[in-house]
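Note that these values count all heavy atoms, side chains included, but never hydrogens, waters or copies made by symmetry. Each chain gets a letter, A, B and so on, in the order its sequence line appears, and its residues count up from 1. Please read all numbers here as calculations on a predicted model, not as lab measurements.
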Protein chains: 2
Amino acid sequence: MTPSTATTLTPGARRILEVASSLFYERGIHAVGVDTIAAESGVTKRTLYDRFGSKDGLVVAYLAERDRRWRELVVDALEAAAPDPSSRVDAVFEVLATWTAANGRGCSFVNAAAELPDPAHPARALIREEKQWLRERFADVLTEGGVADADAVAATLLLLHEGAFVVLSAGQDPDAVSEARQAAGAVVRASLGSAGDRAGRGPHGSTS
Amino acid sequence: MTPSTATTLTPGARRILEVASSLFYERGIHAVGVDTIAAESGVTKRTLYDRFGSKDGLVVAYLAERDRRWRELVVDALEAAAPDPSSRVDAVFEVLATWTAANGRGCSFVNAAAELPDPAHPARALIREEKQWLRERFADVLTEGGVADADAVAATLLLLHEGAFVVLSAGQDPDAVSEARQAAGAVVRASLGSAGDRAGRGPHGSTS
DNA sequence: TCCTTCCTTCACAGGTCTGTGTAGTCTACC
DNA sequence: GGTAGACTACACAGACCTGTGAAGGAAGGA
């Protein structure tokens, strides 16, 4: 538990960030004005600009804070899981299930990317890194589990993970996460199977 | 080839829709004002409101038109493909490759969903139907190909398809679509293998 | 000739947006 | 007592937002 970014904030700044985080996520970034954020934080606009410099600065802080909280969950889940690749990958998808249960509006990074087309926007780097980080966690788990083509399998797992987020929120399929979880399990088992023999049962074949 | 929605539009309305489509997609819906759209279409704001009623009406028309064009591509590709499930599923992912090459800002429906949180917004129904439609096309192809658990496999294919879109645009991984295409091929082959033929190369084997 | 459709021109209402300038208060700490 | 930091209060700039009202021109069909 390293002292988080949140700890270094002044009380007003922390309230601003909490309110902004909630409003940006629920309503969208462009749809929420700084006046609203300041009012709901019980703070003046002056304070908001003194703390975060600009609306963009606040947006970046919002994404960074969500990123931090989510990574913490993933890291903790990976440490708590049984050491075999199937269990560890499944733990990541369980975090997704928990996270989406409390965050019904999809992935804040994907949503932010939709609203911030400028590739030079500082938030875009955060978004890119978030996806890459998860992919690397998958690859680590698979490599440590002895999977040969860990990078390729990790790529597939990332696709399933992100696909679940989108199909759940935009497509409104309530089973998306559990579908992804099952498919991920099948992919991991197939990749473990192919380490020894190349047969590979189907992704929807018999489970335990 | 049924006469499309576009054909019934007046010349001015068609220009408005073309411009709005381009601007909404490239910059986002909230970020583009009706003044800009009217000006770039060489049309007055009055005409825009006479044709589409409101900005929301124009947004719905924009999404419906993109939906129509994309479905046309998918239907054509499915008809042109060899009749086996692997080829037909691959054809859908080839459409995705073509489409994303010309549409670098991700899925317009996912982006719209990010900007339109209200579940009652008419665009949300379009978005939900679009994802469902693709899933049903996958399920049809698999059922006709004799796959037993066609629905579950179709769900996985949809996850890979949507995941590719997101990882490409938000995650900025240029290989996302081809990764999804390969993974989809492996999933389909595995599901076929578990029905009849036992070919089952690994999930990351050679593709043609 | 009349009527409809499409579109133009232009002003305007009423609001919201991000961001700044100025002045001053309260609290904690040295 | 002095000082620094956090915060309030509030007006304001300048731009942009969606949407409407009133009046009229031009083309094509009945």
Side-chain angles (χ1 to χ4, degrees), chain A residues 5-63 111-112 114-118 120-123, chain B residues 3 5-63 112 114-118 120-123:
Chain A
T5 314
T7 327
T8 69
L9 295 175
T10 63
R14 185 151 44 240
R15 286 205 311 278
I16 293 168
L17 189 50
E18 277 164 17
V19 168
S21 193
S22 166
L23 292 181
F24 283 156
Y25 183 69
E26 295 299 332
R27 303 188 202 166
I29 293 169
H30 281 326
V32 177
V34 287
D35 283 296
T36 306
I37 295 170
E40 301 239 331
S41 312
V43 147
T44 60
K45 225 168 21 161
R46 245 276 159 258
T47 302
L48 189 153
Y49 277 94
D50 283 347
R51 294 295 138 250
F52 296 96
S54 66
K55 186 181 179 181
D56 261 12
L58 183 53
V59 168
V60 171
Y62 147 64
L63 291 173
N111 292 353
E115 293 203 70
L116 307 170
D118 179 9
H121 194 289
Chain B
T5 313
T7 329
T8 70
L9 295 175
T10 62
R14 185 150 44 240
R15 286 205 310 278
I16 292 168
L17 189 51
E18 278 165 15
V19 168
S21 193
S22 165
L23 292 181
F24 282 156
Y25 183 70
E26 295 300 332
R27 301 188 204 167
I29 292 169
H30 281 326
V32 176
V34 286
D35 282 297
T36 307
I37 295 170
E40 300 238 331
S41 311
V43 146
T44 60
K45 225 170 18 163
R46 246 279 155 251
T47 303
L48 188 154
Y49 277 93
D50 284 347
R51 293 296 137 248
F52 295 96
S54 66
K55 187 182 179 180
D56 261 12
L58 183 54
V59 168
V60 171
Y62 147 64
L63 291 173
E115 293 203 71
L116 307 171
D118 179 9
H121 194 289

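- The two atoms that bring B:Leu48 and B:Ala38 nearest to each other are CD1-N, 4.3 Å, heavy atoms only.
- Nucleotide C:dC7 holds its C1' atom 10 Å from the CZ atom of B:Arg15, rounded to whole Å.
- Residue B:Arg27 qualifies as open at atom CZ: its count of foreign heavy atoms under 6.0 Å is 12 or below.
- Looking at A:Phe24 and A:Leu63, their side chains never come closer than 4.5 Å, going by heavy atoms from C-beta outward.
- A:Lys45 contributes atom NZ, which lies 12.5 Å from atom CD1 of A:Ile16 (distance to the nearest 0.5 angstrom).
- Atom OG1 of A:Thr8 sits about 8.5 Å away from atom CZ of A:Arg14, to the nearest 0.5 Å.
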Show me the side-chain donor-acceptor pairs of residues 50-61 of chain B shorter than 3.5 Å, one per line, residues at least two apart or across chains.
| from | atom 1 | to | atom 2 | distance (Å) |
| --- | --- | --- | --- | --- |
| B:Ser54 | OG | B:Asp56 | N | 3.4 |
| B:Ser54 | OG | B:Gly57 | N | 3.1 |
| B:Lys55 | NZ | B:Ile29 | O | 3.0 |
| B:Lys55 | NZ | B:Val32 | O | 2.8 |
| B:Asp56 | OD1 | B:His121 | NE2 | 3.2 |
| B:Asp56 | OD2 | B:His121 | NE2 | 3.1 |

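- Reading DNA chain D from its 5' end, the first and the last nucleotide to sit under 4.0 Å from a heavy atom of chain B are D:dC17 to D:dA22.
- In this structure, the side chain of A:Glu115 does not engage the main chain of A:Gly28 through any donor-acceptor pair within 3.5 Å.
- Between B:Leu9 atom CG and C:dC6 atom P the separation is 11 Å, expressed in whole Å.
- Counting heavy atoms from C-beta on, the side chains of A:Arg46 and A:Tyr49 come closer than 4.5 Å.
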*Nucleotide by nucleotide, 5' to 3', does protein get under 4.0 Å of the base (B), only the sugar-phosphate (S), or neither (-) in nucleotides 17-30 of chain C, counting heavy atoms?*
SBBBBB--------

